[in-house]
Amino acid sequence: MAHIDPGTLLPNDRMRQQALDGDVTQIHRGQQYADEGDTFDLDGTTFEVVEVTERTLGDMTDADARAEGARDLDHYKQILEHAHDNFEWDDSSDIVRHRFERQ
C-alpha cells in the first residue's frame, strides 16, 4: 500500500472536486496507476483505492459512466473524444478500473 498523488488517478481539478463531492467514485485509465489499498488525499480528505479491475471499453455501462461523473455512457464517450485528440471508441480496447472510497 502506497500513498499516491491524487493527480495520478484524477487528471484534472474538475474530477478531483467531483470526487470530493461524491460524484466520482472510480476512473478507468489505459493502464494501472494504483494498487488496491493505495491512498490519496484531496483537501484533507483521504481516499482508498478499493478495487483495481482489468476490463475493456465494451464492458463499460451507464452506471460506470455515472460513477465517473458523466450522465450516461454516450456522454462519457463525448468527454473522452473531447479530452483526447484522435480518440476512437473501440469496444476491445483494454482499460483498468480504479474504484475508490472516502475513508
* To do: Kindly compute the distance separating CD (Q18) from CG (L42), expressed to the nearest 0.5 Å.
  => 12.0 Å
* Is the backbone N or O of D91 less than 3.5 Å from a side-chain atom of T56, with the two atoms forming a donor-acceptor pair by type? -> yes
* Check the side chains of D64 and T61 for a donor-acceptor pair under 3.5 angstrom, ignoring hydrogens and angles. => yes
* Look only at the side chain of R102 and the backbone of T46, and say whether a donor-acceptor pair between them is shorter than 3.5 Å. => no
* Asked: Which atom pair, heavy atoms only, marks the closest approach of F40 to L10?
  -> CE1-CD1, 4.0 Å
* Donor on one side chain, acceptor on other, D90 and S92, under 3.5 Å -> yes
* To do: May I ask you to decide if A70's main-chain N or O and R66's side chain share a donor-acceptor pair within less than 3.5 Å?
  => no
* Compute whether any side-chain donor of one residue and acceptor of the other, for E68 and H28, lie under 3.5 angstrom apart. => yes
* Pair D13-Q17, side-chain donor/acceptor within less than 3.5 Å -> no
* **Parallel, tilted or perpendicular: ring planes of F87 versus H84, cut at 30 and 60 degrees** => tilted
* To do: Test side chain to side chain contact (heavy atoms under 4.5 Å, CB included) on F47 and L20 and set out the steps.
  => CA-CA 9 Å; F47 292 82; L20 279 169; 4.2 Å; yes
* With rounding to the nearest 0.5 Å, note down the distance linking CG in D74 to CH2 in W89. => 9.5 Å
* **Test item: E36 side-chain N/O and V52 main-chain N/O as donor-acceptor pair under 3.5 Å** => yes
* Asked: Can you tell me if D72 uses its side chain to pair, donor with acceptor, with the backbone of H75 under 3.5 Å?
  -> yes
* Asked: Is there a donor-acceptor pair under 3.5 Å between the side chain of H98 and the backbone N or O of Q32?
  -> no
* Structure fact -> One should read off an interatomic distance between D59 CG and E54 CD, to the nearest 0.5 angstrom, of 11.0 Å
* Asked: side chain to side chain contact (heavy atoms under 4.5 Å, CB included) with H3: which residues, sequence neighbours excluded?
  -> T39, D41
* **Set of side chain to side chain contact (heavy atoms under 4.5 Å, CB included) partners for V50, sequence neighbours left out** => E48, R99, E101
* Take F100 and V24 through the test side chain to side chain contact (heavy atoms under 4.5 Å, CB included) and record every step on the way to the result. => CA-CA 9 Å; F100 50 87; V24 169; 3.8 Å; yes
